[in-house]
Structures are given as C-alpha cells and as structure tokens.
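What follows is a short report on a single structure.
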Amino acid sequence: MASAILVSPAAGANEDLMSAAKRIFKPIPSTVPAVKDNPITHEKVTLGKSLFFDPRRSASGVISCNTCHNLGTGGVDAGPTSIGHRWQLGSRRAPTVYNAVFNVAQFWDGRAADLKAQAAGPVQASIEMNATPDRVLRTLNSMTDYVAMFSKAFPNDATPITFENFAKAIEAFEATLITPAAPFDQYLEGDEYALTDQQKAGLKLFIAKGCSSCHNGINVGGQEYFPFGMIEKPAERLLPREDKGRFAITKDLGDEYVFRSAPLRNVALRPPYFHSGQVWSLKQAVGVMSEVQLGAKLSDEESDEIVAFLNSLTGQLPKIDYPMLPTRTIATPKPCLDK
C-alpha cells in the first residue's frame, strides 16, 4: 500500500502525458492507407516503384524521383537544395517522400493536392527533370516491359499508358512509403516504457511550449499552413525574401512567407532543415523555431529534451530493393543534356 502511494503521483503524471499525447497525435498505421480515386494494387505499386527509380523519364536521362527523394537518406537528398537539369539549383529543400501520403497537400507551399499531382510536377519542371508528358509517354511506350506493366496495373483502360496513369502509379508506390512502429507510435499505442524519461520530458515540453500547435496529427506536422516567423522574422539566409511561400499560389497578401508546417516524422534522419535547407543541426533548428515561432528561448537542457523526443519519431523504414528496370530500345528517346 505504501509503495503504491509513493509511486502514484509519477504514475498519474505519466498517464496524463500519454492522454494528452493521444489527443494531439496519432500513430502511423502498419498498413498502407487508402488513396482517393486510386486503388492501391500490387501491380500498380510494382510499376510505380520502377518509375520512381527510372531516370530515363527525365530529359537528361540521369534524374529520377530517387535523385531528390533518396530512400536511403530519409527520403531526401544531400541538400540544402536539389540539383536539377543542367546542374540548376532548386530554390527549396526537397521534402521527404516518407509518410508524405499523410500530408494535407504536397510541396512546401501546398500547390499539389495529392501525391499524384506532385508526381506530375517535377518531371515537367525545367529546373528539375525538364521533360514533357509527350516525351514521358514516348519513353514508356518504347519499352515492351513497361507496356506490359501498365496493362497489368490498369487492366480496365483501353489505353493504359497515359500521363495520368503514370502519376497514379508513382502515387501508389509512394503511398507504401510509411514508417510505423517508431518508439513514439508504441507510446501512443499504450506502451509507457517505449519512451525514455528524457524523451517524455521532451514530449511534455513540445506540448507545453506550443510546438504541437503546428506540429500535430499523424505526421506531427504537414497538416496546416503557418507564417515562418510568427513572433520575429528569421535571418534572411533561413527565409529568403524572394521566396514568399504560399503567396505564389494564392496571391493573398496574408500568405506571404507562409509555408506548410514541416512533418517531423523521421526528422533526425534528414538534415539540413527548413525550406531553405540552411540549418544542419536538429538542436539548432529547435532553437530557431522556439524563438521565431513561439518567442521563447530554450535552455540547453530543454533543447536536448525536445531533440530526444524528436528522435523518438524515427520509425521503421521499409526495405526497398532496387528494381531491375525495363531495357531501352532503339525507339527510346536518347538523353538530352545540352538544353
């Protein structure tokens, strides 16, 4: 009885923290989520995987989805910004493809409603893959294995190889790139011992300081749009003045320097941070966010505790075997490096 009384305050505090966490966050499921208007099938995922890794969809023949969203490095590239066609530098950090299916929209400014729309964008961007839908279709139709794979993936379509089906197949594969069973997921599912004491302290701070106001839900972010610099403007290297974020999409002055909140799942795996990719330390990123978004300066101990919590968001990444891609033919468009 005495020992039960002695431990009850701590036990109560742990229960309160877990209850609060369950109200704010959700665990990543172990099964692939459904995607609107695009049933996920084995054949579609297999096709989408090949397309994700195939650089021949780009005009140069050397850039694939995996170039900028490297599945071996947290779903991102080396950063700060990606290198595209003819060594052009992109203007923003590549977002991670892992768990992207749970985001409210794709890209930092939310200009793509879903993964299908996102997949169709970079292949046509002159600064990225510099291809066209027509070139993509000619490339795919030139290889008999792709013709067969599209027929299996879209058996009810009279013309299986279309640009829309190309995007749907990539969406289907990317929907499988989820990372369940992180220590934090196990905690949300009721395992009190899945987090260390330091991680629990970090979780408590993450909620109490207001971080969870923007970083919540299943992806611990990625659900809403917020100004970067709600309390004070970040340094210009972090917030380039020429990149006005969501304003470029909506033309609403209220959306200047507004971005989709970054999803924090597996965040420890993918420095550098922010849309500008200018901060290489997770602890430094936590400090920046605390000051410019919340107007609070964290102590060293508090920063370490929040970083410890963020490390608990690293889940089990799927094992991805590199696919053997269809063999090109004489009809396959040749690489184009000079324009």
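One-based numbering along the sequence shown.
- When hydrophobic side chains of Ile, Leu, Val, Met, Phe, Trp and Tyr are connected at separations under 4.5 Å, Val136 ends up clustered with Leu47, Leu51, Val62, Ile63, Val123, Met129, Leu137, Leu140, Met143, Tyr146, Val147, Met149, Phe150, Phe154, Ile161, Phe163, Phe166, Ile170, Leu325.
- With no hydrogens or angles considered, no side-chain donor-acceptor pair links Asp54 and Ser64 at under 3.5 Å.
- Lys44 and Asn165 are not linked by any side-chain donor-acceptor pair at a separation below 3.5 angstrom, with hydrogens and angles left out of the test.
- Glu302 has a carboxylate O that lies under 4.0 Å from a charged side-chain N of Lys209, or vice versa, which qualifies the two as a salt bridge.
- No close placement of the Phe259 and Phe226 rings is indicated, their centers lying 6.0 Å or farther apart.
- The side-chain hydrogen bond (donor to acceptor under 3.5 Å, both in side chains) with Asn38 is formed by just one residue from the set Lys116, Lys168, Glu164, Glu171; it is Glu171.
- Applying the salt bridge (charged side-chain N to carboxylate O under 4.0 Å, His left out) definition to pairs two or more places apart or across chains, those involving residues 246-262 are Lys244-Glu256.
- The aromatic rings of Phe228 and His275 sit perpendicular to each other, their planes meeting at more than 60°, with 30° as the lower class boundary.
- A salt bridge does not link Asp321 to Lys49: none of the charged side-chain nitrogens sits closer than 4.0 Å to a carboxylate oxygen.
- Looking only at distances, a side-chain donor or acceptor of Gln88 sits under 3.5 Å from a matching main-chain atom of His85.
- The residue from Lys26, Arg265, Gln316 that alone fulfils the side-chain hydrogen bond (donor to acceptor under 3.5 Å, both in side chains) condition with Asp185 is Arg265.
- Using a cutoff of 4.0 Å between basic side-chain nitrogens and carboxylate oxygens, Lys36 and Asp114 are not scored as salt-bridged.
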